[in-house]
Amino acid sequence: MTRISTVELRRVRLPLVHEFQTSSHAKRSLEHILVTLTATDGAVGWGEIASPSGPFYSAETVATCWSIARDHLAPIVLATDWDHPADLARALAKVRGNQFARAGFDMAAWSLWTAGQGVPLAKALGGVRTEVEAGVSLGIEPTIDDLLAQVAPRVDEGYRRIKLKIAPGWDVEPVRAVRSAYPSMPLHVDANGAYTPADLPVMKELDSLGLLMIEQPYGPRALADLADLQHRLTTPVCLDESIEELDDLVTALRLGSGRILNIKVSRMGGLTPAVRAHDVAVEHGVPVWCGGMHEFGIGRAANVALSALPGFTLPSDVSGSDKYYARDVTTEPIVSAGGLVAVPTAYGLGRDPDLPFVESTTTDRLIMP
């Protein structure tokens, strides 16, 4: 049995190398919460709460995650004996919602447990790959020329798929320009729920551009409208924000709300439910890929490990750390070479925190009990 003696929370801030604009907000730096669990035998596990700072992607923010982690999740962890990370995940599930906050603790539990078992995280999760295909996500730019200037180096670096953020007024023309410049590049768009059924003509135009998928065109709870849209399009609809719980996925599958699933560790509450979502999707013949929240090296390593599972047949958002950060919080960054990222083989997460650098970028710290 594992018993956690100490929970440590750190708010860590890193600047982005390039501003990232979505349909709802712009980001120039990111602040995430690193979770450290120390067991009574001295073993340590690291996790990352990769919530946004503002309530735009989801209702959670860094501030709400800090509060929930401090007041509810940490006390549960400190009071729970567990044999396997899934045991701790069940205890944490008593806290409804708050998936981002729970994900950081679940990730730390897997990190601690796999290191203790002497196995890499990917193998423990059921991974079968030694490397995974990486796609890259690009934000909204001031002009189409600026966008093309961002796409070109990513293509040269060998990324296997380009994802473009879109929003009303920035959709068909920029996407058409990228498609014209790169006719054979796997390309998909992500609206983060910015459109409604009234925008069907825009969806139809996007449908004609040979896209890999249209990700989350309508709002998260609009599963019936998304099903109607999917019936009207040739291009697969991909679900992201709509799927926070396994029940959401079951409902979406029954309605036919999409044909591809983006599995995010943070959005689903951790590695434990993310693996379950993968299994359900595979059972229903739905291809999946791993989405990202601009994770630091801790969360990024977990994403790579998850992407090694057999159902992840599409390029995942596991681009190299250097795409977003001049320096990452781990001693060894995640690296993409020719659009491929090696799956860590060291025990646990396979990446160690750069403690002096983490200390220098920490804006707040809490140790419990």
Side-chain angles (χ1 to χ4, degrees), residues 18 20-27 56-57 133-152 154-155 159-220 222 225-243 257-264 267 286-294 314-319 323:
H18 184 77
F20 194 86
Q21 173 78 46
T22 71
S23 60
S24 61
H25 64 292
K27 296 178 276 191
F56 303 110
Y57 173 83
E133 287 192 307
V136 69
S137 177
L138 300 178
I140 294 169
E141 295 290 336
T143 70
I144 290 176
D145 286 343
D146 290 325
L147 175 62
L148 292 171
Q150 288 297 313
V151 173
R154 307 290 87 86
V155 173
Y159 282 105
R160 305 301 177 94
R161 177 266 292 152
I162 301 293
K163 176 168 80 171
L164 304 176
K165 294 289 186 178
I166 60 171
W170 178 269
D171 38 48
V172 175
E173 292 311 312
V175 176
R176 180 177 287 128
V178 175
R179 171 52 76 221
S180 178
Y182 301 98
S184 60
M185 169 59 69
L187 185 66
H188 93 248
V189 298
D190 181 11
N192 292 113
Y195 295 85
T196 72
D199 299 303
L200 180 61
V202 174
M203 297 297 115
K204 286 286 194 178
E205 288 195 76
L206 291 171
D207 193 36
S208 70
L209 297 178
L211 301 176
L212 188 63
M213 67 189 85
I214 299 175
E215 185 178 354
Q216 201 65 51
Y218 298 165
D225 287 334
L226 285 162
D228 181 68
L229 177 64
Q230 182 62 95
H231 293 322
R232 294 169 180 263
L233 300 181
T234 300
T235 305
V237 169
C238 172
L239 300 177
D240 177 3
E241 289 96 326
S242 289
I243 311 300
S257 302
R259 298 206 300 263
I260 294 176
L261 175 63
N262 170 354
I263 296 180
K264 286 182 178 173
R267 190 195 70 234
V286 174
V288 302
W289 56 282
C290 181
M293 294 299 300
H294 294 163
L314 296 168
S316 292
D317 278 345
V318 290
S319 50
K323 167 66 177 64

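Nothing fancy with the numbering, it's 1 onward along the sequence.
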Rounded to the nearest 0.5 Å, what's the gap from [atom1] on [X] to [atom2] on [Y]? Could you check?
X: T235; Y: L211; atom1: OG1; atom2: CG; answer: 5.5 Å
X: D240; Y: I260; atom1: CG; atom2: CD1; answer: 12.5 Å
X: I214; Y: H188; atom1: CD1; atom2: NE2; answer: 10.0 Å
X: C290; Y: L314; atom1: SG; atom2: CG; answer: 12.0 Å

Qualifying side-chain hydrogen bond (donor to acceptor under 3.5 Å, both in side chains) pairs with a residue from residues 138-152, counting only residues at least two apart or across chains: H18-E141, T143-D146
Verify side-chain contact (heavy atoms from CB on, under 4.5 Å) between K163 and L138, making sure each step is shown before the conclusion. CA-CA 6 Å; K163 176 168 80 171; L138 300 178; over 6 Å; no
Report yes if some heavy atom in the side chain of [X] is under 4.5 Å from a heavy atom in the side chain of [Y]; otherwise report no.
X: V237; Y: M213; value: no
X: L148; Y: V178; value: yes
X: I166; Y: I140; value: no
X: W170; Y: L147; value: yes
X: L239; Y: R259; value: no
X: P217; Y: M203; value: yes
X: Q230; Y: R232; value: no
X: D190; Y: L164; value: no

Q216: which of N192, V189, L226 passes side chain to side chain contact (heavy atoms under 4.5 Å, CB included):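 The option that passes is L226.
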Checking V172 against L206 for the side-chain contact (heavy atoms from CB on, under 4.5 Å) test, could you report, in this order, the C-alpha distance in whole Å, the side-chain angles of both residues, the deciding distance, and whether it holds? CA-CA 6 Å; V172 175; L206 291 171; 4.3 Å; yes
How about N262 and E215: does a side-chain donor come under 3.5 Å of a side-chain acceptor?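 Short answer, yes.
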So, are E241 and R267 salt-bridged, with charged N and O less than 4.0 Å apart? no
Keeping Y182 on the side-chain end and L187 on the backbone end, is there a donor-acceptor pair under 3.5 Å?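 Here the side-chain-to-backbone pair does not exist.
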Is R160 reaching over with its side chain to a backbone N or O of A134, donor-acceptor style, under 3.5 angstrom?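 No, because the side chain of R160 does not come within donor-acceptor range (under 3.5 Å) of the backbone of A134.
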Evaluate the side chain to side chain donor-acceptor pair (under 3.5 Å) criterion for residues S316 and E133: first the C-alpha distance (whole Å), next the side-chain angles of each, then the deciding distance (0.1 Å), finally the verdict. CA-CA 6 Å; S316 292; E133 287 192 307; over 6 Å; no
Could you report the tightest heavy-atom contact between [X] and [Y], atom names first, then the distance?
X: G135; Y: S319; result: O-CB, 3.7 Å
X: Y195; Y: V202; result: CE2-CG1, 4.1 Å
X: S242; Y: G219; result: OG-O, 4.0 Å
X: P201; Y: A198; result: CD-O, 3.7 Å

Would you please test S137 and K165 for side-chain contact (heavy atoms from CB on, under 4.5 Å) and show each step? CA-CA 8 Å; S137 177; K165 294 289 186 178; 3.9 Å; yes
Please, which pairs that meet salt bridge (Lys or Arg N to Asp or Glu O under 4.0 Å) have at least one residue in residues 193-212, sequence neighbours excluded?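 For residues 193-212, and leaving out neighbouring residues, the salt bridge (Lys or Arg N to Asp or Glu O under 4.0 Å) pairs sorted by first residue read R176-E205.
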W289 vs I263, test: side-chain contact (heavy atoms from CB on, under 4.5 Å). Steps then yes/no. CA-CA 6 Å; W289 56 282; I263 296 180; over 6 Å; no
